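Here is the structure we will look at.
Letters go in sequence order (proteins before strands), and every chain restarts at 1. Since we're looking at a predicted model, the values are computed, not measured.
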Amino acid sequence: MLEELNQEQKEAVTTTEGPLLVLAGAGTGKTKVLTTRLAYIINQGKARPYECLAVTFTNKASNEMKERLASMIGHQNANDLWMGTFHSICLRILRANCERIGYQKDFIILNEDDSEKIVKEILGDSDKYSPKNILNAISRWKDQALNHLKVNTSGSEFLVDARNIYTLYQKRLKEMNALDFGDLILNCIELFNLDKDILEKYQRKFKYIMVDEYQDTNTAQYLWLKLLAYGHNNIACVGDDDQSIYAWRGAEIGNILRFEKDFKNAKVIRLESNYRSTKNILDCASKLISHNEQRLGKDLRVAPLMNGDGEKVMVRGLFNDLAEAAFISDAIRLAINDGVNPNKFAILVRASFLTRLFEEAFLVRNIKYKITGGLRFYERKEVMDLMAYLRLLVHKNDDLAFLRIINVPKRAIGNATVDSIKEYARFKGLSLYDGAKEMVKEDLLKKAASKSVLSFINLFESWDNELDNMEHFELLKKIVDEIDYPNKMKLDKDKTSNINELIKSLADFKTIENLLEHVSLNFGDEADKTDDKVSIMTLHGAKGLEFDYVFLPGWEDGIFPSSRTVDEKADEGIEEERRLAYVGITRGRKNVVISFANSRRVYDQWYHSNPSRFLSELPQENIRVWLDRGVSMRMRENEKQY
DNA sequence: ACCAAGGTCTTTTTT
DNA sequence: AGACCTTGGT
Ligand SMILES: Nc1ncnc2c1ncn2[C@@H]1O[C@H](COP(=O)(O)OP(=O)(O)OP(=O)(O)O)[C@@H](O)[C@H]1O
């Protein structure tokens, strides 16, 4: 097990006691070290699997690590580990203990859409603020582990208002027995602070704690870890400050910078041998990231006896975005014809709308691809609608689900009726569903509306009766039929097939609640990595992955670095964009191609675009430049920008 | 309560 | 361009 590792890696694996930080650049085997370390602890008998807590950044990463561990420590052991994202682990702890902080065990988890609707409702007619901005403020507070009582508003009118809305928002959530995403961590911390017995139980339980991608943890996650690590003080974090790319979501690069101060007697191990990429790729990445000021600074070199110089990184300038997509997809087509597996290629873009052109180019050339990022399956309107039926079916107090579907498809229940139901339910302290039911019984609605509402309720009561006798996916099929969804909503073929997909996927879950939870935690649609497809994804989505051939299109000022970041966050923003570029380049094993286009269509309008400033930060001796006629790598002044 | 017409935003990244 | 929302007429 240890023989595959170098000296420093071995040291990191066998240093099991006390706080440990593995600080190392891309491709140095941080994840591999973490995985091996976990196996080492189990195989040495230092702890039982359920005494180990391992936090990964995504659910996908967690599944992959579990899979690799299964071959090292056995399937059963791998499954018994407490492994998952911060959110899924906190959820597990809260399900078991949430009554202590005033929630019922079957609390629901709201998605962003739901949260926004609640904020909108609180804001009412006022359009002083956008719900998005308010919700963003609330989420960032939660990332900092600040509940609505702790928020410091320091005089700004916006912050004061946002704080007041935060208070109302939490009240509303509690009424619905609901938590949002950020609450999972915040409430877990509050549970620990409130009940020392519960905290101590988990402190004793988790003999070893391990965290991947530590550079992208937020304050709340740090505090949570600190509470748990207080027991055995065995906490190992791995990360790379140069790969911190989630500050916009509340991640605190300070966590990794402060590690030695936060955890007394911490040992820091640096890994400097890169086992992934060629020298040309590494030199490009290192030079680029050296333009950042805020960094710890690390060396990165090709591991001995590995890879070698390889080919130079190509910088390709093209006339427009279509030519760029054609160039890349032609290159991939040719390589596939030569027998290269499509899954060796990745196209990594700054923003998900940039995947569009590649999708089209691939379809024309008959190249198999998979797109990750952008609108996810469970975020599609038609899927969310039907999920709302399932939500209301299992939780009659899910008011948001009720509001979503009470008149979808149209059943002649308009705003006036819904408002009167809201008012009545609020007055009586009932859920909207129960309120509506009672209003029908007491004959409090207009005649036509009453009839429609009754038939809505009757549908649910009939489905309730089937809940125990019928396979869930068949019940969903029945629901779709009875409300005549595809027909009434005039769904096209794609959307109808999404519905069927949803019905099929429900068959994989024991209960409807399982499906709902799976969706809330953003477990993807488990695309198997075994399939032979080109990956098209955002740079953020590519974190932790590696590919033989990596294409990085759209290196244009305004797109990458994104104009929004530049406007809003100036230097700090640019540095994070540069880290994103570093992440992109270091995904490549053999070959990296960076490209930019002179003009690009955005919102159906043509814009001239300047080459990204990052291009001029690459070392001349490691790149090979190929520009179309009339395309220059220098910036043009005074052109129309995005 | 519904619908058609017109207006507006959209695309930064996601647990 | 297209999705989404508001508006005013029915
Ligand atoms: N000692 C080693 N010998 C051979 N290959 C290694 C060794 N250590 C790591 N590797 C390989 O190097 C690659 C990168 O490893 P890994 O993904 O663990 O790095 P990482 O530091 O987590 O990277 P990143 O920060 O970019 O996500 C993997 O393919 C891994 O198998």
Set out, line by line, the N/O atom pairs under 3.5 Å between protein and nucleotides 1-10 of chain C.
residue: dA1(C); atom: OP2; partner: D604(A); partner atom: OD2; Å: 3.2
residue: dA1(C); atom: O5'; partner: D604(A); partner atom: OD2; Å: 3.3

Give me, pair by pair, the N or O atoms of the protein and of nucleotides 4-6 of chain B that are less than 3.5 Å apart, along with how far apart they are.
none

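Residues of residues 401-411 of chain A having a heavy atom closer than 4.0 Å to DNA chain B, listed by number: N407(A), K410(A).
Between the side chains of Y169(A) and D180(A), at least one donor-acceptor pair of N or O atoms lies under 3.5 Å. Counting only N and O atoms by type, the side chains of S595(A) and E324(A) include a donor and acceptor under 3.5 Å apart.
Partners of F57(A) under the ring pair (Phe, Tyr, Trp, His ring centres under 6.0 Å) rule, at least two apart in sequence or in another chain, are Y246(A). With sequence neighbours excluded, no residue forms a ring pair (Phe, Tyr, Trp, His ring centres under 6.0 Å) with F547(A). Partners of R258(A) by side chain to side chain donor-acceptor pair (under 3.5 Å), not counting sequence neighbours, listed by chain and number: N255(A), D262(A).
The interatomic distance linking L521(A) (CG) with dT14(B) (P) rounds to 17 Å, in whole Å. Atom CD of E112(A) is separated from atom C1' of dT15(B) by 10 Å (rounded to the nearest Å). The CG-C1' distance, from L445(A) to dA1(B), rounds to 15 Å in whole Å. Atom CD in E576(A) sits about 13 Å away from atom P in dT14(B), given to the nearest Å. Rounded to a whole Å, the CD1 atom of I245(A) is 9 Å from the P atom of dT14(B).
For W248(A) and dT13(B), the ring-to-base geometry satisfies the stacking test (centroid distance below 5.5 Å, interplanar angle below 30°).
The listed nucleotides are dT13(B), dA1(B), dT14(B); the one nearest the side chain of T417(A) is dA1(B). Considering only the side chain of T538(A), dT14(B) comes nearest among dT14(B), dA1(B), dT15(B).
With respect to the salt-bridge test (charged N to carboxylate O, under 4.0 angstrom), the residues R404(A) and D385(A) qualify. Ion pairing between a basic and an acidic side chain is recognised when a charged N comes within 4.0 Å of a carboxylate O; D183(A) and K142(A) show such pairing.
Both tests do not hold together for R95(A) against Y103(A): distance to the six-membered ring centre under 6.0 Å, angle to the ring axis within 45°.
Across all strands shown, F86(A) has no heavy atoms under 4.0 Å from either base or sugar-phosphate atoms.
Ring-plane geometry between W82(A) and Y202(A) is classed as perpendicular, the angle between the planes exceeding 60 degrees on a 0 to 90 degree scale with a lower cut at 30.
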